[in-house]
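Everything on this sheet refers to the single structure shown next.
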Number of protein chains: 2
Amino acid sequence: MKGNTVFKRSYNQCLRRLAAHDIGAALPSESDLAHTLDVSRTTVRAVLASLAETGIVSLGTSGRVLVRHPVEADYFPDMQTLSAGAAVERRFMEWILLGDFRAGQLLNAAELARQFGTSTTTIREYLAQFQHVGLLERRPNSAWLYKGVTPDFATEIYDVREMFELRATRSFIELPDDSPPWRELDAIEAEHRALLANIDEEYRRFPQLDERLHRVIHETSNNRFIIDFYDVISTLFHYTYRWNRSDEQQRNTVALMEHLDYIEALRSRDQRAIDARCRKHLRTARATLARSIEFGPFRSQPSPVGVST
Amino acid sequence: MKGNTVFKRSYNQCLRRLAAHDIGAALPSESDLAHTLDVSRTTVRAVLASLAETGIVSLGTSGRVLVRHPVEADYFPDMQTLSAGAAVERRFMEWILLGDFRAGQLLNAAELARQFGTSTTTIREYLAQFQHVGLLERRPNSAWLYKGVTPDFATEIYDVREMFELRATRSFIELPDDSPPWRELDAIEAEHRALLANIDEEYRRFPQLDERLHRVIHETSNNRFIIDFYDVISTLFHYTYRWNRSDEQQRNTVALMEHLDYIEALRSRDQRAIDARCRKHLRTARATLARSIEFGPFRSQPSPVGVST
DNA sequence: AATCTGTTTTTAATGTAGAAAAAACAGCGC
DNA sequence: GCGCTGTTTTTTCTACATTAAAAACAGATT
């Protein structure tokens, strides 16, 4: 039937909020909570009922009142707070990109469902979505084909990425200096310098910063296709990044410097300079991905499940 | 449960082939048929069994033999030969793009299922696919939002289209003159001239020719993202084309001429000329879409309410 | 040995059911 | 009127069941 992950997530969120309240303080109204937790009042009521049952809140004379602070054991495990679909997405990405899975192999929906502990319906829905990442191909009335993160794939995705990012810089430099994206760029630049100053310790923070820089640029494009495509890139790189950890600090340092050059070019608002710096950085990133593909995913835990040839 | 559309489609295909056979002639082997119809032998056997039952073939001394030629009544209606998913796709596109449906409206899966005569599962799977066309937005645990074919949408889709098509011309002109895409271009050009010579009668054939030209160019890109995107464009335009039929012949004539210029530029392999002609044509096409949006879909199915003006 | 056909086993497509969540409704207090 | 809570109605989500189609298996025929 239907999992109650929304309830569990809301319950946990609610507990976190209550931790800041004083004992005996009155809780906000149901509609209020519904709005802050971004769920329906129906769910809020279920949460409140459950909290009352656990004895964390109780009905005082004028509304609900906090009886005791929540402890660690009151929370639901984090794993259970992802919706079935989101859970499948994560497990699937890890399985396909970090596991022992080769281009050209066929996927079996029933097998995956068993392994991930969900129904085939959920698996199917997710696989269908995943087609658009370009890694899966559906063969009607038959299995799914994994096309693999091959050199061809890298070329294709980077060709599009370059077009889109260059285009996005055009809209970026149209914005006034005091617009939110430029403010964000200031912050990003500052973080770059901070990170470079302490690169030996913190070089692992690079991917998160990289994502932030490229995303703020893409988002100014105001183009849903460009932004959606960046979501694909972002997800993908989150996983392929782990394939090759050799020279990681060295590579991140280079990329950070390229970012600073790129940012400087953006500030100059000189299209030619921007194109040059952007292209240069993406060339480096493309080469990094190409190397990662040579390495391939770690073979730490080969799983023979759901595989056929 | 599961529709038998594969069976019906194969049955019809089989009948079409038999029409060319002589009475008494032996049929090909099962595996042979399975290969030519591109289905499994299981399906072929079901078709053959059904044909035997209808008396169209019978088991002679040495294999199956054609008894009588099929007549019109033997075929299944074409409508039934689309898989549930494909049928929903078509009905949905017609409903959303040709029907009275406004940007910002919410879609109700159960309602759609009832209206289309399928299950909610099928509807859901299709709606999920449809997100990436950029016209629908999913709101978890709630309805789907139709974002509408708005001027913004037109701008966004054409911005990407222009980038992609220009990029595709780069790979196109790399190919040798005698490669299949250039052969196809020759054929397309010839059809353009033939159509222009008889434009008064045949101007309605333009969309099909337009699709052929742009597709052959996009496909040489060898980039799955570019090709997938052209599928989106192609589907979309197939429907929005019907929104505005004023000056149709005039508009098609202009577009055909622009195509010929574009083709000429491609032959010259001069990038600058190609860019100019391609951009010019896409500008025209973009303006046509913009005009269509002004007209909107509210013409094909006049509302049953009130009197005509 | 290779190809054909008859049979059995798997797997994907899709409808249905039931729980969770949202949305709508209704009465109450101010 | 406005916001709050209790109740009822819809709608989405997801497990499961069932059938169509594919794939695998096996004997027969050339």
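Proteins get letters first, then strands, A, B, ... in listed order; numbering begins at 1 in each.
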Practice task
Please state how far atom OH in Tyr11(A) lies from atom P in dA20(C), giving the value in whole angstrom units.
Solution key: 16 Å
Handout entry: Ser119(A): side-chain contact (heavy atoms from CB on, under 4.5 Å) partners, not counting sequence neighbours
Key = Thr121(A), Thr122(A)
Handout entry: dT14(D) OP1/OP2 closer than 4.0 Å to side-chain N/O of Ser119(A)
Key = no
Exercise for the section: Before accepting this row, confirm whether a basic side-chain N of the pair Arg114(B)/Glu111(B) lies closer than 4.0 Å to the acidic partner's carboxylate O. Expected result: yes
Handout entry: Sidechain-backbone polar pair: Arg41(A) side chain, Glu30(A) backbone, donor-acceptor under 3.5 Å
Key = no
Practice task
Report the residues that fulfil ring-ring contact (aromatic ring centres under 6.0 Å, His included) with Tyr126(B), sequence neighbours left out, ordered by chain and then residue number.
Solution key: Phe92(B), Phe130(B)
Exercise for the section: Determine the contact category for Thr121(A): base if any of its heavy atoms lies under 4.0 Å from a base atom, sugar-phosphate if only primed atoms, P, OP1 or OP2 are that close, otherwise nothing. Expected result: base
Practice task
Could I get the full list of side-chain contact (heavy atoms from CB on, under 4.5 Å) partners for Asp231(A), not counting sequence neighbours?
Solution key: Arg215(A), Asp228(A)
Handout entry: Residues that His238(B) engages under side-chain contact (heavy atoms from CB on, under 4.5 Å), provided they are two or more places apart
Key = Arg242(B)
Practice task
Please say which of Tyr146(A), Tyr239(A), Trp144(A) ends up in a ring-ring contact (aromatic ring centres under 6.0 Å, His included) with Phe101(A).
Solution key: Tyr146(A)
Practice task
Could I get the full list of side-chain hydrogen bond (donor to acceptor under 3.5 Å, both in side chains) partners for Asn12(A), not counting sequence neighbours?
Solution key: none
Exercise for the section: Search all heavy atoms of Ala34(B) against all heavy atoms of Ser40(B) and return the closest pair with its distance. Expected result: CB-C, 4.1 Å
Exercise for the section: Whole angstrom is fine here: how far is it from CZ in Arg64(A) over to P in dC4(D)? Expected result: 12 Å
Exercise for the section: Find the distance Ile123(B):CD1 to dT16(C):P and express it as a whole number of Å. Expected result: 13 Å
Fill in the blank from the handout: Per the under-4.0 Å heavy-atom filter, residues of residues 126-133 of chain A near DNA chain C come out as none
Exercise for the section: Please round to 10 degrees the angle between the axis of the first five pairs and the axis of the last five pairs in the helix from dA1(C)-dT30(D) to dC30(C)-dG1(D). Expected result: 20°
Exercise for the section: Let me have a per-nucleotide readout for nucleotides 21-30 of chain C, 5' to 3', with B, S or -, counting only protein heavy atoms under 4.0 Å. Expected result: SBBB------
Handout entry: Pairing residues for Phe229(A) by the ring-ring contact (aromatic ring centres under 6.0 Å, His included) criterion, not counting sequence neighbours
Key = Phe164(A), Phe225(B)
Exercise for the section: Over all heavy atoms of both residues, which pair between Ile56(A) and Leu66(A) is shortest? Give the atoms and the distance, please. Expected result: O-CD1, 3.5 Å
Problem - Under the side-chain hydrogen bond (donor to acceptor under 3.5 Å, both in side chains) test, residues paired with Glu89(A) that sit two or more places apart - result: none
Completion exercise
Between CZ of Arg114(A) and C1' of dC16(D) the distance, given in whole Å, is 16 Å
Handout entry: Residues from residues 20-37 of chain A lying under 4.0 Å of DNA chain D - heavy atoms
Key = Ser29(A), Glu30(A), Ser31(A)
Problem - Non-neighbouring partners of Gln115(B) that pass side-chain contact (heavy atoms from CB on, under 4.5 Å), sequence neighbours left out - result: Trp95(B)
Fill in the blank from the handout: The residue, Met1(A) or Arg139(A), whose nearest nucleotide of DNA chain C is more 5′ is Arg139(A)
